[in-house]
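Working notes, beginning with the structure itself.
Note that these values count all heavy atoms, side chains included, but never hydrogens, waters or copies made by symmetry. Residue numbers start at 1 and run along the sequence shown. Atoms within a ligand are numbered from 1 in the order they appear, just like the ligands themselves.
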Amino acid sequence: MLYDQVVEATQAIQQHTEVKPALAIILGSGLGDLANEIRDAVAIPYSEIPHFAQSTVVGHAGRLLIGTLSGVPVVAMQGRFHFYEGHPVHLTTLPVRVMRLLGAETLIVSNAAGGVNPAYLPGHFMLLRDHIYMPGLAGGSPLVGPHDERLGERFPAVGKAYDAELRALAHEVADRYPEITLHEGVYTMVAGPSYETPAELAFLRTIGTDAVGMSTAPEVVVARQVGMRVLGISLITNSATGSEAAEVNHAEVLSTADAVRTKFANLVMGIVERIGAQ
Ligand code: HPA
């Protein structure tokens, strides 16, 4: 049973630390550096946590960190699981359930994404206001399967998934850094791992996409099922309007992420500090 797996993973993690995290963070492609800012961190490789998958993507370390960030007890995933790695989708989101059971009531989830909106340029950030979960709409939701009351509601609402108060707070923090451009918009999750064709990008733009990526929506759906407040942040790593002369590649995604790591760390640490003060 999924619930038993969540409990076993949680108990295994609790053997390593007495810290009860209030906040969970998922670090996206190339954004794992923020983990260095976590004080007194206990790092647990995913291989040592029962029922956790292994992350297989370059640019994604595979470990859980528990410690203190900006004075707030946190649990952070340095590296996440993607559907395109071949993991069943309910296992890609198992860590969200575990982080909730560890005590986290809020989730900050980050990702690298392509800028479908032509004004969303590489190096800019975008707060998720809403998402379009393409695989989820087509039957690929992590909530598909027999229902277990202990996991949350059968039919959770996700209309207000991205907490408006947390978004306002994030904008206030970003305003302190003139070098940070922070948009707000709609994130569309595609399954990947191939990047999109120009025709697909034209379609995504037509349906209201501002940024496209291969993660996050499943984690957010589960976070809402377990009652977490969610803040989603995309780093725009490449333009994805469909009229780019050069084709996107993973190295470009990682090099943009590397170039903005200090901005990302400042933004997230500022947000965490404010959440801690609430
Ligand atoms: N498409 C999908 N996923 C991505 C992209 C993209 O252009 N950039 C970073 N992740």
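Arg229 has a carboxylate O that lies under 4.0 Å from a charged side-chain N of Glu165, or vice versa, which qualifies the two as a salt bridge.
Qualifying ring pair (Phe, Tyr, Trp, His ring centres under 6.0 Å) partners for Phe81, counting only residues two or more places apart in sequence or in other chains: Tyr46, His87. With sequence neighbours excluded, no residue forms a ring pair (Phe, Tyr, Trp, His ring centres under 6.0 Å) with Phe264.
Among residue pairs with one or both ends in residues 121-133, those qualifying as salt bridge (Lys or Arg N to Asp or Glu O under 4.0 Å) are Arg129-Glu184; sequence neighbours excluded.
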Does the salt bridge (charged side-chain N to carboxylate O under 4.0 Å, His left out) test come out yes or no for Lys263 and Glu179, once each step is laid out? CA-CA 8 Å; Lys263 290 185 200 177; Glu179 68 279 16; over 6 Å; no

Run through all N or O atoms in ligand 1 and write down each protein N or O closer than 3.5 Å, as a pair with its distance.
residue, atom, partner, partner atom, Å
ligand 1, 1 (N), Glu196, OE1, 2.8
ligand 1, 1 (N), Glu196, OE2, 3.3
ligand 1, 7 (O), Asn238, ND2, 2.9
ligand 1, 8 (N), Gly114, N, 3.4
ligand 1, 8 (N), Asn238, OD1, 2.7
ligand 1, 10 (N), Ala112, O, 3.4

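The only option from Thr216, Leu127, Leu128, Asn111 that meets the side chain to side chain contact (heavy atoms under 4.5 Å, CB included) definition with Ile233 turns out to be Leu127.
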